[in-house]
Amino acid sequence: MRKDVRILLVGEPKVGKTSLIMSLVSEEFPDVVPYRAEEITIPADVTPERVPTHIVDYSDAEQTDEQLFQEISKANVICIVYAVNNKKSIEKVSCLLLCLCFFPSRVPLILVGNKSDLVEHSSMETILPIMNQYSEIETCVECSAKNLKNISELFYYAQKAVLHPTGPLYCPEKKAMKSLCVKALTRIFKVSDLDNDGILNDNELNFFQRTCFNTPLEPQALEDVKNVVRKNLTDGVCDNGLSLKGFLFLHTLFIQRGRHETTWTVLRRFGYDDDLELNQDYLFPPLKIPPDCTTELNHNAYLFLQSVFDKHDKDRDCALSPEELADLFDVFPYMPWGPDVNNTVCTNEQGWITYQGYLSQWTLTTYLDVQRCLEYLGYLGYSIIAEQESHAAGITVTRAKKIDLQKKQTQRSVFRCNVFGDIGSGKSGFLQAFLGSNLMRQKTVKEEHKSYYAISTTYVYGQEKYLLLHEVFPDFDYLSDADLACDIVCLVYDVSNPYSFEYCAKVFKQYFMDSKTPCMMIAAKSDLPEVKQMYGCSPLEFCRKHKMPPPQSFTCNTAAAPSRDIYTKLTTMAMYPHVSQADLKSSTFWLRASVGATVFAVLGFAMYRVLLKPR
Ligand SMILES: Nc1nc2c(ncn2[C@@H]2O[C@H](COP(=O)(O)OP(=O)(O)OP(=O)(O)O)[C@@H](O)[C@H]2O)c(=O)[nH]1
Ligand SMILES: [Mg+2]
């Protein structure tokens, strides 16, 4: 909810501060008033903006400077009152303004010329030059406590100045919106331009109107809006829709006509705070992730991300060119993906991220850093466009892995495989091969674009699953918990290097021999002549002894894309870790597992039908 409004009245003695407050409260002019009115609180439901409002009086006669300073720092809007018939009180306005400049928190100010009943002439001529000097002055108003003229207006303006300040939005000298405001509205335009054609058509305008103001625009109102823009701008309306220029013009018009609450409503709906930054509550909605659980995107979030991809894949080649990618991230305050992403997910011939790769990268971010994922969804306007309560609605927190293991089944769709191996054993080649890159293609990758992750999909019994490979830096002293926690372990050795197996054996014995995590030995560079490993036993004997599947021959030195069999096997082992290594070796397991999956699916369907049957 919005903060309370706290209005402070200051000014020369006897200008009518106390009378103004009393007139507002009793709706009649009090003949006798105390020096200082008690603080009054107007409950939210009787104020026009529905926020509790406190009105605080000040009197030189009763209060010290110290007390004045305290009140100034507590207030979020200050009315500087003068009497229009009193020159000295007008001069005092400038002194007060100067003094307020020294306060750290700049709050909106309102100049109030009271006792308008006593003069024929307006004081505006004297006041306007002052007003132009201070951008904090939201507005000025002439009123009379005696005639009750403009009294409720005055307090309404004060309330509005707190809730919808023009300061951050508009520069009166330049008669234009400030750059931060233009930036925010431009982002809002891009998010709302669902087909990304640079124009808000009637559908998009209606959706926008509905999300911001909870009501669709009447067809006539829609035409009226467009006509106003047409009349003032040549290129504000294109193809019967609103261009960005037209959209920005419209908001400038709202602000200039004193309807800046309209612009604020739009900005707040899209997550902006008073400083026109996206607020933390919007970007980081609460999401609890218990230990042993992982985070994934749900179906709804994938659908949304697909639509974002589609709207930016202008040439429909199912990949994002650097320009298309930059356009997609234009609504972000920074470019979230570095060049390493191109070596983390699948790319096309040109090295551009494919549709599949794009979804994989989102899956990776969600898995590794869900806060970041929420932030990114926030920039894309997920909760607004997908009409969800918050971005957290797009995240599935999986159940604890411990329970998966107990129940011997899992609903997860992302599995993590940590890849260990000595320097030069072929880990990176193993990761890159998963992305379809053979040795030739890998050689063109620059060092600074290297990635320690690779993620893509595999099919296990017809179900699409993500396998996330993580290359662990081969330094025993640097192994973190994250390096050890995974669903399956790969131990990579180089068949042509007699000293490479020892590292795998060491890692296995030290970290995984007693763990429940399944392990797989990879005999990499199998295209090269195999040499005898300098170790107590051969890799095959080692695997047999420790009940691991035999070493899997692997090479990425292929003419075409390397084989994907090994990755499917790894995903399967990650999904069914309870299956003994002996079972995994036998072909009957693969058969049984697939039959099991089918039986389960049929059973699920039958149960569904029973549940649907009318009683
Ligand atoms: N004619 C006229 N007189 C007013 C108006 N407002 C206040 N007065 C009179 O001006 C005198 C001072 O009013 P106060 O409300 O006490 O002024 P104040 O600013 O609170 O003064 P301090 O508390 O001493 O700083 C009183 O005699 C009021 O009756 C007005 O709108 N018109
Ligand atoms: Mg007073």
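Just so it is clear, the model here is predicted, and its values are computed rather than measured. When a ligand or atom number is given, it counts from 1 through the structure's own listing order. Start at 1 with the first residue, then count along the sequence.
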Distance dump, ligand 1 polar atoms to protein, N/O, under 3.5 Å:
| from | atom 1 | to | atom 2 | distance (Å) |
| --- | --- | --- | --- | --- |
| ligand 1 | 1 (N) | D117 | OD2 | 2.9 |
| ligand 1 | 6 (N) | N114 | ND2 | 3.1 |
| ligand 1 | 10 (O) | K115 | NZ | 3.0 |
| ligand 1 | 15 (O) | T18 | N | 3.4 |
| ligand 1 | 15 (O) | S19 | N | 2.8 |
| ligand 1 | 15 (O) | S19 | OG | 2.6 |
| ligand 1 | 17 (O) | G16 | N | 3.0 |
| ligand 1 | 19 (O) | V15 | N | 3.3 |
| ligand 1 | 19 (O) | G16 | N | 3.0 |
| ligand 1 | 19 (O) | K17 | N | 2.8 |
| ligand 1 | 19 (O) | K17 | NZ | 2.9 |
| ligand 1 | 20 (O) | T18 | N | 2.9 |
| ligand 1 | 20 (O) | T18 | OG1 | 2.7 |
| ligand 1 | 21 (O) | K14 | N | 2.8 |
| ligand 1 | 23 (O) | Y35 | O | 2.7 |
| ligand 1 | 23 (O) | S59 | OG | 3.3 |
| ligand 1 | 24 (O) | K14 | NZ | 2.9 |
| ligand 1 | 25 (O) | K17 | NZ | 2.8 |
| ligand 1 | 31 (O) | N114 | OD1 | 3.2 |
| ligand 1 | 31 (O) | D117 | OD1 | 3.4 |
| ligand 1 | 31 (O) | S144 | OG | 3.4 |
| ligand 1 | 31 (O) | A145 | N | 2.8 |
| ligand 1 | 31 (O) | K146 | N | 3.2 |
| ligand 1 | 32 (N) | D117 | OD1 | 2.8 |
| ligand 1 | 32 (N) | D117 | OD2 | 3.4 |

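- Side-chain contact of R268 with Y282: a donor-acceptor pair under 3.5 Å is absent, judged by distance alone.
- Although no hydrogens or angles enter the test, the distance criterion places no donor-acceptor pair under 3.5 Å between the side chain of H391 and the main chain of F284.
- Proximity of a side-chain donor or acceptor of D275 to a complementary backbone N or O of E277 within less than 3.5 Å is not detected.
- Within the protein, the N, O or S atoms sitting under 2.8 Å from the Mg ion (ligand 2) are T18 OG1, Y35 O.
- Checking T366 against E296 by side-chain atom types alone, no donor-acceptor pair falls below 3.5 Å.
- Remark: D224 engages no residue in a salt bridge (Lys or Arg N to Asp or Glu O under 4.0 Å) (not counting sequence neighbours).
- By the salt bridge (Lys or Arg N to Asp or Glu O under 4.0 Å) test, D273 is found to be paired with no residue, residues two or more places apart in sequence or in another chain being considered.
- No donor-acceptor contact under 3.5 angstrom links the side chains of Y82 and E91, judged on distance only.
- Judged purely by distance below 3.5 Å, without hydrogens or angles, the side chains of D310 and N196 never pair a donor atom with an acceptor atom.
- Screening K17, K88, K115 for a salt bridge (Lys or Arg N to Asp or Glu O under 4.0 Å) with E12, the sole residue that qualifies is K88.
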